[in-house]
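Naming convention: chains lettered A, B, ... in sequence-line order (proteins, then strands); numbering from 1 in each chain. Treat the numbers as computed from the prediction; the structure is a model and nothing was measured. Only this structure's heavy atoms are used, side chains among them; waters, hydrogens and symmetry mates stay out.
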2 protein chains.
Amino acid sequence: MAGLRERKKAATRQAVHDAAIRLSLERGIDGVTIDEIAEAAGISRRSFSNYFTSKEDALLYADGQQIRALVDAVRDRPAGESGWTAMRAVVSALAVQDEHIVREWALRSRLAMSHPALLAVQLGNQAALEQDLAAAVADRDGVGPIRARVLATAFLASLRVAMRLWNQQERTAHPRETMEQVLDEMERAFQG
Amino acid sequence: MAGLRERKKAATRQAVHDAAIRLSLERGIDGVTIDEIAEAAGISRRSFSNYFTSKEDALLYADGQQIRALVDAVRDRPAGESGWTAMRAVVSALAVQDEHIVREWALRSRLAMSHPALLAVQLGNQAALEQDLAAAVADRDGVGPIRARVLATAFLASLRVAMRLWNQQERTAHPRETMEQVLDEMERAFQG
DNA sequence: CAGCATACTTGCCCATTGGGCATTTTTGCC
DNA sequence: GGCAAAAATGCCCAATGGGCAAGTATGCTG
């Protein structure tokens with residue numbers, strides 16, 4: 001069960017992340033220092049650096065978790081599905097079953113949209129995990145490595161566009177609808 | 001003709017960028033400080049900050065120039081072409097006529113691949129300019145804003161994948177071939 | 001051409017940051 | 001209960017980003 005040690009560490013990490021998000025929403029990202037986040041999370045500044053290398057890292061911790069979960073979920077989809085269909089199915093299911101997770105993701109994207117440095121880190125994280133996603137796609141279809149990469153990139157890019165749109169639209173629609181819409185556009189974009 | 005002032009400023013900016021690239025190639029990105037870059041470019045550290053907010057910014061200055069040129073070139077393509085075709089035509093022409101520009105771009109991507117913080121900034125820059133590219137596509141086709149965004153994202157994502165591949169492949173092939181290949185894959189990925 | 005407003009450069013300064021190193025505290029296990 | 005491994009903390013320092021104010025260069029106008 002991963003040992004108490006592991007679990008406690010994970011809990012602290014999550015607590016630091018939560019504190020970072022909360023304070024950033026309250027005062028704006030630039031209005032918060034690492035010292036304050038550390039204090040809010042009940043650890044020392046030096047310990048903060050043991051968990052995250054920067055404020056941006058702390059704010060986007062959940063992003064990495066999320067994409068990792070996506071990759072795992074894609075691997076668990078039934079073998080008949082194509083990679084693209086599998087990815088779509090996973091986010092659809094997520095949007096229905098755990099809407100709050102999607103909303104939190106949108107919230108982080110929103111923060112990122114208003115803060116270039118944060119956006120940069122978010123994109124960097126996604127780029128790193130995009131390779132894992134491509135590998136998952138490649139393992140599933142017998143498809144070649146380039147095709148797999150292209151599919152994974154296109155998929156993540158679609159989700160980014162969807163997040164951006166949804167945040168701009170005053171978040172009227174259900175986030176799932178926006179995601180489906182953008183993914184449909186991506187599929188159709190090359191069929192004319 | 002933009003005034004002496006403007007031109008001189010642009011020249012200095014370029015000089016700083018060049019110095020940053022050169023020193024980073026020599027000693028590795030982390031082995032260079034802003035002070036050293038500033039000195040190599042013949043300005044003070046404080047002036048460096050007037051031109052760029054960070055070392056990453058300085059290293060990737062040409063990236064922004066490049067994408068801006070791409071957007072302008074797309075706007076200048078004949079009206080009959082679809083947005084996607086226009087974008088492809090622009091990079092194809094660029095790869096043939098100014099191969100060195102493409103190689104420098106690949107070089108910067110290579111630097112970015114080995115340095116997460118730099119990659120992050122590169123992606124952030126591209127995301128910012130992606131909106132302009134989407135606007136150019138939207139103006140050209142009568143296509144809707146979402147479709148335009150999707151096309152622009154897919155295109156830039158393809159170029160990133162191509163750069164990554166080309167850099168991994170020991171750069172044997174001509175960069176143009178890799179780009180064409182990835183763009184073809186993107187077109188075909190959704191036609192099965 | 002002289003003089004002036006504007007824009008650019010620089011020096012000085014300070015809070016914040018990332019991370020190395022050494023020490024202390026906790027934790028899990030025998 | 002005690003010990004080895006791991007985690008937290010304190011201390012420290014170089015590097016950074018940017019505000020402020022004092023020079024300095026530039027180009028326009030009378």
Side-chain angles (χ1 to χ4, degrees), chain A residues 1-20 23-24 26-61 64 114-121 124-125 128, chain B residues 1-21 23-24 26-61 64 114-121 124-125:
Chain A
M1 59 153 70
L4 173 64
R5 209 157 207 152
E6 301 292 330
R7 274 176 292 143
K8 193 170 173 185
K9 207 173 164 183
T12 302
R13 203 180 290 271
Q14 181 71 41
V16 174
H17 167 71
D18 291 345
L23 290 177
S24 292
E26 285 175 14
R27 310 186 214 165
I29 298 179
D30 293 322
V32 187
T33 64
I34 289 186
D35 295 74
E36 293 167 327
I37 296 172
E39 205 211 332
I43 60 174
S44 67
R45 180 180 82 95
R46 190 62 188 76
S47 286
F48 175 97
S49 290
N50 291 337
Y51 283 99
F52 300 107
T53 60
S54 68
K55 200 161 56 178
E56 288 75 25
D57 263 7
L59 283 167
L60 296 173
Y61 167 60
S114 67
H115 198 282
L118 192 60
L119 175 63
V121 174
N125 289 347
Chain B
M1 65 152 66
L4 173 64
R5 212 160 205 149
E6 303 290 330
R7 274 177 293 143
K8 195 170 170 185
K9 209 174 160 181
T12 303
R13 204 180 288 272
Q14 182 71 41
V16 175
H17 167 71
D18 291 344
I21 292 277
L23 290 176
S24 292
E26 286 175 15
R27 310 186 214 165
I29 298 179
D30 293 323
V32 187
T33 65
I34 289 185
D35 295 74
E36 291 168 326
I37 296 171
E39 205 211 332
I43 60 174
S44 67
R45 179 178 82 91
R46 189 62 186 79
S47 286
F48 176 97
S49 290
N50 292 337
Y51 284 99
F52 300 105
T53 61
S54 67
K55 202 161 54 177
E56 287 77 21
D57 263 7
L59 283 167
L60 296 173
Y61 167 61
S114 67
H115 199 282
L118 192 60
L119 175 63
V121 174
N125 289 347

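- Residues B:Val32 and B:Glu26 fail the side-chain proximity criterion, which asks for heavy atoms closer than 4.5 Å.
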Polar atoms only, N or O, under 3.5 Å: list the protein pairs with nucleotides 15-17 of chain C and their distances.
| from | atom 1 | to | atom 2 | distance (Å) |
| --- | --- | --- | --- | --- |
| C:dT17 | OP2 | A:Ile34 | N | 3.2 |

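- At D:dA7, none of the side-chain N or O atoms of A:Lys8 fall inside 4.0 Å of OP1 or OP2 (strictly under the cut-off).
- For the pair B:Tyr51 and C:dC8, the criterion of a side-chain N or O lying under 4.0 Å from OP1 or OP2 is not met.
- The interatomic distance linking A:Ile43 (CD1) with D:dA7 (C1') rounds to 11 Å, in whole Å.
- Nucleotide C:dG18 holds its C1' atom 14 Å from the CD1 atom of A:Ile37, rounded to whole Å.
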Could you pull out the protein-nucleic contacts involving nucleotides 4-6 of chain D (nitrogen or oxygen on both sides, under 3.5 Å)?
| from | atom 1 | to | atom 2 | distance (Å) |
| --- | --- | --- | --- | --- |
| D:dA6 | O4' | A:Arg5 | NH2 | 3.1 |

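- Residue A:Arg7 contributes atom CZ, which lies 13 Å from atom P of C:dT27 at whole-angstrom precision.
- Note on B:Phe52: nothing from the nucleic acid sits closer than 4.0 angstrom, heavy atoms only.
- If you take CD of B:Glu6 and P of C:dC8, they are 7 Å apart, rounded to a whole angstrom.
- Under the salt bridge (Lys or Arg N to Asp or Glu O under 4.0 Å) criterion, B:Glu39 pairs with no residue, sequence neighbours left out.
- Of the options A:Asp35, A:Ile37, A:Thr33, a side chain to side chain contact (heavy atoms under 4.5 Å, CB included) to A:Arg45 is made by A:Asp35 and by none of the others.
- The nearest heavy atom of DNA chain D to A:Phe48 and to B:Glu56 marks one nucleotide each, and the one closer to the 5' end goes with A:Phe48.
- The heavy-atom pair separating B:Phe52 from B:His17 by the smallest distance is CE1-N, 4.4 Å.
- B:Leu59 approaches B:Ser24 most closely through the heavy-atom pair CD2-OG, 3.5 Å.
- In plain terms, the two heavy atoms of B:Leu23 and B:Glu36 that are nearest each other are CD1-O, 3.9 Å.
- One finds a side-chain N or O of B:Ser44 lying less than 4.0 angstrom from the OP1 or OP2 phosphate oxygen of C:dT10.
- Taking OG from A:Ser54 and CG from A:Leu118, the interatomic distance works out to 9.0 Å, rounded to the nearest 0.5 Å.
- If you check distances only, the side chain of B:Arg46 does reach the base of D:dG19 with a donor-acceptor pair under 3.5 Å.
- Side-chain contact between A:Thr12 and A:Lys9 is absent, with no heavy atoms from C-beta onward closer than 4.5 Å.
- Interatomic distance, CZ of B:Arg46 versus CD1 of B:Ile34, reported as 11.0 Å (0.5 Å rounding).
- Separating the CG atom of A:Asp57 from the C1' atom of C:dG19 is a distance of 14 Å, rounded to the nearest angstrom.
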